[in-house]
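In what follows, chains are A, B, ... by sequence order, proteins preceding strands, each numbered from 1.
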Number of protein chains: 2
Amino acid sequence: MSERKRSGKVSRRITAEAIAEKLGVSAMTVSRALNGRPNVNRKTREKVLSAARKYGYTPNHIARSLALRKTETIGVVVPEISHSFFPEVIRGIEDAVYSAGYHLILTSTAEDVNREQDAIMTLQSKRVDGLLISTAQTVTDHSMYEETIRQGVPIVFFDRVVQNIGATCVSIDDEDCCARITEHMIGHGYHSIAHLSGPPTVSIGKGRMKGYKKALARHNMKVRPELIVQSGFHEKGGYVAMERLLQLSPRERPDAVVAVNDPAAFGAIKAIQEHRLRIPQDIAIVGMTDDIRAELALSPLTTIRQPAYEIGKSAAEALIEEIEERAKPGRKIIVQTELTVRKSCGCV
Amino acid sequence: MSERKRSGKVSRRITAEAIAEKLGVSAMTVSRALNGRPNVNRKTREKVLSAARKYGYTPNHIARSLALRKTETIGVVVPEISHSFFPEVIRGIEDAVYSAGYHLILTSTAEDVNREQDAIMTLQSKRVDGLLISTAQTVTDHSMYEETIRQGVPIVFFDRVVQNIGATCVSIDDEDCCARITEHMIGHGYHSIAHLSGPPTVSIGKGRMKGYKKALARHNMKVRPELIVQSGFHEKGGYVAMERLLQLSPRERPDAVVAVNDPAAFGAIKAIQEHRLRIPQDIAIVGMTDDIRAELALSPLTTIRQPAYEIGKSAAEALIEEIEERAKPGRKIIVQTELTVRKSCGCV
DNA sequence: CGCGCTTGTGTTAGCGCTAACATATTTCAC
DNA sequence: GTGAAATATGTTAGCGCTAACACAAGCGCG
């Protein structure tokens, strides 16, 4: 029990062992008292607790994690944090995680595959007990996810999910959503409905495209390939894609647009307005997500409300269940959505 | 070197020591090779690296942290994550932290003092190397911050800062900002300018109030107490506060409103519209923050752009400098702002 | 009154890593 | 070729905690 420290910088922090020494008990007794384990005399426990308070003891979670081989921390990997969707998801995650006594290491990948790989690696180094991932747009190789799971670290995907590798996925039913909102447009009597689509590499992009086509098919409407333009998930892409649609001759031009999400819709709205067309009279448009800006838009955007908070919360809860082995991985959890009708679709 | 594990659950993960054994070298050599330290034979280093790759070795950062007494992790405490300001700040933090090789544990307090205390405690338990804090609205007792600093954990406050306890603060010049935008209103010729104020317990609330009064004073305008209503930082408070102002008799009623931030302004706008008053003709209004919704509002909101990303980035950079002892704590870092003129003030 | 049982506590060792020191090997000047 | 410096590697111990086992004392019970 050497009193020397190796580095000059002496840690001011008191350890459980130091408290033990002061009280003339063993470190183990202190540990037991502090963690509320049984088999500690009431008197002893009180002595320990009051000493801990007195000396400002903060348990060293790092040492604890090393000894117990668990960190009570989960890693979150999101593609971005700027827009309203992910913060809201994170809020849901935070709440669930907090009440289960876990913590949250947040990494964002800026939609970059390399950064995502990097993030997953370092989160593993930090020995997170599990991972919550929404994939970057360009990810196509899933081997790292599989490897992570094989190493015993459960993953729950949310929103942008990866099916078929045995991990639990939490998302909305993209296909159904998009079909519903497309049918809403069909119900309005539009007959030339365009789709600004997401990248086909991402589950959401694929699912929504499928829903769009399905809705058309159900009403015997032809899919016109020139009316499907890939916009991606961001405003800028929506703008560019819409510009492209507006180049079509007036006869070919769509009278309605189903955008893959709200930000893309905002971009499209900007393009439509620049062409001095009216929404919804000249071109109606709807989005999906319910971005906080949707209500404020010049022509308030009809959209599918995607309950970001609930997605985050259920994903976190599912992950913690799997970490604590109270549930098996590989579940599909669908979060309910609802159509939020405003004006951009042509309703009142 | 017992081969038995205590728990049934055997860790599949390979350790540096296991690699050492396989290669017939010592654990130390492996450690040196992996960490790029000098004094390792080139051949040996390559052997180690390729073995590490081959066996899928992930360094155990927990053990490393324990040995080195540093975690390369910083704790972030924010009051909320839903609105556009904090996500943007976090993005700035994330970028700075990522490029310095640190990581980020995020906690949000929901504006609750107890949750904040709790968060700081557990972050300390996790032995974060430093803390980035934006205080909850209701915090008045600063002893925990001081205690944390005394324990050797640097804190950098951002946005909602705590002065005079020796910690570095990163914020905008609240007083100056609010004075500028108030003077902008005075320049428009409004002579009955109200202020929706933040809570006086928070640096921002105090500073902006001061700026508002200063601007009036500079132009020999009287401060009329009935025109100062506390709204807090959120939409709802803005709405309620504005309702109160609208109860005033037409003679006393303000012709312009300076809101403490954009969300409060949005609440106020809602109240104004419900009273069928026009913005800016009947009542002009300005905010501060530049919320993403500001541009989209019916009468696009004139505001002071508060560079959230830069605030996050400089705060994180400052903290890391202090952690690495390249800078001393107690600095005041002011981030520049700019007036963003739109329509709600009466311009154009 | 000796047996097992419960309760309280201590001891030992190990989680996986790395600093500091110790030792072996090579390099090279003169 | 010899001593000193430079390079490469090993050994020991410790970061702060806790599981597993060991042990001591007090308990009731037939």
Legend entry - Listed nucleotide nearest any side-chain atom of A:N39, set D:dA20, C:dG8, C:dC15: C:dG8

Legend entry - Rounded distance in Å - CD (B:E21) to P (D:dG10): 13 Å

Legend entry - Results of side-chain contact (heavy atoms from CB on, under 4.5 Å) for A:T138 - residues two or more places apart only: A:V113

Legend entry - Given D:dT9, C:dG14, C:dT18, the nucleotide with the shortest approach to the side chain of B:V40: D:dT9

Inset, instruction - Round to the nearest Å and state the distance from B:N60 atom CG to D:dC15 atom C1'. - result: 13 Å

Inset, instruction - Could I get the full list of salt bridge (charged side-chain N to carboxylate O under 4.0 Å, His left out) partners for A:R37, not counting sequence neighbours? - result: none

Legend entry - Phosphate OP1/OP2 of D:dG16: any A:Y57 side-chain N/O under 4.0 Å: no

Legend entry - Atom pair distance, as rounded to whole Å: CD1 in A:I62 and P in C:dC15: 18 Å

Legend entry - Options D:dG16, D:dT9, D:dT18, nucleotide nearest the side-chain atoms of A:T15: D:dG16

Inset, instruction - Step by step, work out the side-chain contact (heavy atoms from CB on, under 4.5 Å) result for B:L106 and B:I81. - result: CA-CA 10 Å; B:L106 179 72; B:I81 356 180; 4.3 Å; yes

Inset, instruction - Round to the nearest Å and state the distance from B:R69 atom CZ to D:dG14 atom P. - result: 12 Å

Legend entry - Base D:dG10 to side chain B:R32, donor-acceptor N/O within 3.5 Å cut-off: yes

Legend entry - Nearest-Å distance for atom pair CD1/C1', residues B:I19 and C:dC17: 13 Å

Inset, instruction - For D:dG10, take OP1 and OP2 only and decide whether either is under 4.0 Å from a side-chain N or O of B:T29. - result: yes

Inset, instruction - Respond yes when some side-chain nitrogen or oxygen of A:R45 is under 4.0 Å from OP1 or OP2 of C:dG8, and no when none is. - result: no

Inset, instruction - For B:L68 and for B:P38, find the nucleotide of DNA chain D with the closest heavy atom, then tell me which residue's nucleotide is more 5'. - result: B:P38

Legend entry - Between the first and last five pairs of the helix from C:dC1-D:dG30 to C:dC30-D:dG1, the angle of the axes, rounded to 10 degrees: 40°

Inset, instruction - For A:R37 and C:dG10, give me the distance from atom CZ to atom P, rounded to whole Å. - result: 16 Å

Legend entry - Any side-chain donor near an acceptor of the partner, B:E94 and A:S108, under 3.5 Å: yes

Inset, instruction - Grab the CD-P distance between A:E17 and C:dG10 for me, whole Å please. - result: 12 Å

Legend entry - B:S203-B:Q163 side chain donor-acceptor pair, cut-off 3.5 Å: no

Inset, instruction - Scan A:R127 against the nucleic acid and name what it touches under 4.0 Å (heavy atoms): base, sugar-phosphate only, or nothing. - result: nothing

Inset, instruction - Would you indicate, yes or no, if C:dT18 has its OP1 or OP2 atom less than 4.0 angstrom from a side-chain nitrogen or oxygen of B:R64? - result: yes

Legend entry - Separation of A:I323 CD1 from A:L131 CG (nearest 0.5 Å): 8.5 Å

Legend entry - Side-chain donor-acceptor pair present, A:S65, A:E72, cut-off under 3.5 Å: no

Inset, instruction - By nearest nucleotide on DNA chain C, pick out whichever of B:A63 and B:M28 is the more 5' one. - result: B:A63

Inset, instruction - Could you check how far CG of B:L23 sits from C1' of D:dT9, rounded to whole Å? - result: 14 Å

Inset, instruction - Select base, sugar-phosphate, or nothing to describe what A:T44 touches, counting heavy atoms under 4.0 Å on all strands. - result: sugar-phosphate

Legend entry - Sugar-phosphate, base or nothing in reach of A:L66, heavy atoms under 4.0 Å: base

Inset, instruction - For A:K126 and B:T73, test the side chains for any donor-to-acceptor distance below 3.5 angstrom and give the result as yes or no. - result: yes

Inset, instruction - Would you indicate, yes or no, if D:dT18 has its OP1 or OP2 atom less than 4.0 angstrom from a side-chain nitrogen or oxygen of A:S31? - result: yes

Inset, instruction - Under 4.0 Å between any heavy atoms, over every strand shown, what does A:S26 touch: base, sugar-phosphate, or nothing? Just pick one. - result: base

